[in-house]
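Data block below; observations after.
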Amino acid sequence: MVPEIAGSLPIADSDAQKKIVNRLRRAQGQLGALIATVETGAGCRDVVHQLAAVSKALDRAGFLVISEAMKECLINPDAEGSPQSEEIEKLFLSLA
């Protein structure tokens with residue numbers, strides 16, 4: 001199964017796909033650590049550090065997805081299903 005960006009546009013670049021999946025797996029691991037941190041009654045500082053790590057990993061994955069959409073838009077602007085610049089801008093701003 002190929003992840004999708006900007007509607008129905010698949011992430012065609014396998015290197016980019018691997019990077020995105022790795023970032024998401026990192027975020028998944030950090031989220032597990034965050035849950036464990038909260039369950040053990042850790043202090044505020046530890047919880048906030050874990051929250052920041054999860055958030056950063058998710059943001060980086062999102063920006064990689066949008067970056068791939070921008071590349072595809074530039075390379076194949078007239079391709080069916082290719083994202084429009086307005087759509088990419090909206091997606092980017094939703095992460096900012």
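Thr37 OG1 to Leu31 CG: the interatomic distance, rounded to the nearest 0.5 Å, is 10.5 Å. Atoms CD and CG, from Gln17 and Asp15 in turn, are 10.0 Å apart once rounded to the nearest 0.5 Å. Atom CG of Leu95 is separated from atom CG of Asp59 by 6.5 Å, given to the nearest 0.5 angstrom.
None of Arg23, Lys18, Arg25 except one satisfies the side-chain contact (heavy atoms from CB on, under 4.5 Å) rule with Val21; the exception is Arg25. Applying side-chain contact (heavy atoms from CB on, under 4.5 Å) to Leu34 and the options Val47, Asp46, Val48 leaves one that passes, Val47.
Side-chain N or O atoms of Ser67 include none that pairs as donor or acceptor with a backbone N or O of Phe63 at under 3.5 Å. Between the side chain of Ser55 and the main chain of Leu51, no donor-acceptor pair closer than 3.5 Å is present.
The pair Glu68-Lys71 counts as a salt bridge, with a side-chain nitrogen and a carboxylate oxygen less than 4.0 angstrom apart.
Summarising the local packing, CZ of Phe92 is surrounded by 12 or fewer heavy atoms from other residues, nucleotides or ligands at distances under 6.0 Å.
Residues Leu24 and Leu58 form a side-chain contact, since some pair of their non-hydrogen atoms from C-beta on lies under 4.5 Å apart.
When hydrophobic clusters are built by joining Ile, Leu, Val, Met, Phe, Trp and Tyr residues whose side-chain heavy atoms come closer than 4.5 Å, directly or via intermediates, Met70 is grouped together with Leu93.
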